[in-house]
Amino acid sequence: MIIDARSLTPDDVLETQVCIIGAGPSGITLAVEFANQNFQVCLVESGGIDCDPDTQSLSEGVVVGDPYPDLKAGRRRQFGGSSHWWEAQNGYKEYGWRCLPLDEIDFEQRDWLPYSGWPFTKADLDPFYERAHRVCKAGPYTYKVEDWEEGKAVRLPFKSDRITSSMSQFAPRAPFTHEHRETINESKNITTLLYANVVEIETDETAQTVTRLRIACLSNKQIWLKAKIVILATGGIENARLLLASNRQQPSGLGNQNDLVGRFFMERPILSCQLIPFDRKLFDLTDLYDIYNVKGTPVMARIHLTEEVLRRERLLNNGTQMFPRAKPRQREATLALRSLLAAIRNGKPSQDWFEHLKVALKGVDYIVAAGFWAAVRKLPSLRRGDWSYLPNEKQRFSEFEIFYQLEQAPDPNNRVLLSSQSDRLGQPKVEVHWRLNPIDIENALRVQEIWAEEFAKAGFGELQFPRAGEPLKFEKEVMYHHMGTTRMHVDPKQGVVDANCKVHGISNLFIAGSSVFPTAGYANPTLTIIALSIKLADHVKTLID
């Protein structure tokens, strides 16, 4: 059952056994796991089925430090949450997301990485990763290259054991934007509240047990919700914000007795560099590194340093994706055409439209070819994937652009705080302090150096990248992978939640999502978020009478 909270009587008091705050991928996964159980569940979502600009404005905030995009643009207040932003290629006009698990080394305490170490291993999480694949409607739970190689799609033959390849999979976004909503709506034990903003978590006088939630609507209506168990699943920024704002019994905020809530905020910048092939045959050797369909699953190989090298060189995790690119003038023409078409679609012709047109015409040979092959492939023009299986199409490429994500080291000074500014509900907005530290930059430079050496040694090409003292080249400053702000640790002095994601010192408050990650790893966080949510759901089921 779905209820619009704005239709309820002011100061209504609702009761349930389990409350999930947030209907993003984590909250939806929890609800699916709880569906048709013998206890009542309430799923509380700030937005509605569709995105509402007024509700979305509640995600506004400021960032102090390094360049960072608009905070509001990286979070989505509606049923499905951030899954509505996912735009990875997943077939013909079908969008999805890139999924892969964290590596074994990501869970370890590494003496060269301060604050590292999870309270369990990857092997402990593997059964939940496998179940997460079913929730996500992804392919089989295997990321070994040999399970996906076929025909000409084989791994690149590097000449040493410093560098290797493994796989990523792509899964559809529809389960989280639409399909699971039907399962939740049809479940007799789940009630979903929309347009319901939890603004305070109330506890008893000792701040050891959550007693009720205060929920506000933009219509100036307020209601209350009592639950035996509360699970906070509002994302890496909002989880910390709500704990800090719930400061009636504990002035520093709930779970913040050791000043850890909001700290260790981690992101994932995307950097780029160019690989200039020594021989055009490289385009015929990289089919496995395309986004393409194998056995019904879209996959793509990635290149990364081996764990042995990470240990020996004391480096953080890393990985690359390779995308073929046209000559610089043709690339500039493509970008100019995109800008021109976007301005026309938005009904706001740019003042420099004539300059965009001139640049686009200089690369008309490439644009026509791209349009032709897009029609043959039956894919939207100029998409990144599905380029490898049409040999003639490869003739229009001259180089590879290397996109690489790097693990950011946890730093207590990168943090989420409450701002002095208030939102439309009178709640403090967030203030995010974030920057890349020398350990992050030095790691990026060394990883690039090793890649360059190995690409050249294998005879593949010259990797062109910024050197020490030169600014890093960013494809995106961040990926909106908000992690670490309610980190997991068995010791309350080092983490906000324990190994079961329960807030230290509070008997019935749990946290789901990437805010519990102690370290970031290289992998996109969503698959791990979903695996941890399934693990948490299993634990909560054991607590219900």
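Each residue takes its place number in the sequence, starting with 1. Predicted model only: the values in this text are computed from it and were never measured.
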- Task: Mind running side chain to side chain contact (heavy atoms under 4.5 Å, CB included) on Ile530 and Thr526 for me, showing each step along the way?
- Result: CA-CA 6 Å; Ile530 294 166; Thr526 304; 3.8 Å; yes

Please table the atom pairs, donor to acceptor, closer than 3.5 Å between any side-chain atom in residues 57-65 and protein atoms at least two apart or in another chain.
| residue | atom | partner | partner atom | Å |
| --- | --- | --- | --- | --- |
| Ser57 | OG | Asp54 | O | 2.5 |
| Ser59 | OG | Arg77 | NE | 2.8 |
| Glu60 | OE1 | Lys429 | NZ | 3.2 |

- Item | Intermediate values then yes/no, side chain to side chain contact (heavy atoms under 4.5 Å, CB included), Tyr292 and Val299 | CA-CA 6 Å; Tyr292 75 113; Val299 297; 4.0 Å; yes

- Message: Checking Tyr289 now: which residues fulfil ring-ring contact (aromatic ring centres under 6.0 Å, His included) with it, not counting sequence neighbours?
- Response: none

- Show your working on side chain to side chain contact (heavy atoms under 4.5 Å, CB included) between Trp224 and Arg214 and close with a plain yes or no. CA-CA 5 Å; Trp224 304 88; Arg214 182 163 64 92; 3.4 Å; yes

- Among Leu43, Leu225, Ile231, find the residue that satisfies the side chain to side chain contact (heavy atoms under 4.5 Å, CB included) test when tested with Cys19. Leu225

- Item | Derivation and outcome, side chain to side chain donor-acceptor pair (under 3.5 Å), residues Ser116 and Thr519 | CA-CA 6 Å; Ser116 60; Thr519 51; over 6 Å; no

- Query: What is the ring orientation for Tyr68 with Trp434, classed by angle as parallel under 30°, tilted 30 to 60°, or perpendicular over 60°?
  - Reply: perpendicular

- Can you tell me if Gln250 uses its side chain to pair, donor with acceptor, with the backbone of Ser252 under 3.5 Å? no

- Task: Please work out which of the three classes, parallel, tilted or perpendicular, describes the rings of Phe176 and Trp86, given edges at 30° and 60°.
- Result: perpendicular

- Query: side chain to side chain donor-acceptor pair (under 3.5 Å) between Ser168 and Tyr143: does it pass, once the steps are laid out?
  - Reply: CA-CA 7 Å; Ser168 301; Tyr143 291 84; over 6 Å; no

- Query: Given side chains that start at C-beta, do those of Glu407 and Leu113 come closer than 4.5 Å, heavy atoms only?
  - Reply: yes

- Task: Assess Arg263 against Phe265: is NZ or CZ under 6.0 Å from the centre of the six-membered ring, and within 45 degrees of the ring's axis?
- Result: no

- Gln464 vs Glu399 side-chain heavy atoms within contact, under 4.5 Å: no

- Message: If you define the side chain from C-beta out and look only at heavy atoms, does anything of Leu244 sit under 4.5 Å from Leu417?
- Response: no

- Item | Aromatic ring pairing Trp118/Phe517, orientation class (parallel under 30°, perpendicular over 60°, tilted between) | tilted

- Arg181 side chain near Ile49 side chain, heavy-atom distance below 4.5 Å: yes

- Query: Is there a side chain to side chain contact (heavy atoms under 4.5 Å, CB included) between Leu305 and Trp451 once you walk through the steps?
  - Reply: CA-CA 8 Å; Leu305 302 185; Trp451 284 340; 3.7 Å; yes

- Query: Would you say the side chain of Arg76 lies within less than 4.5 Å of the side chain of Cys51, judging by non-hydrogen atoms?
  - Reply: yes

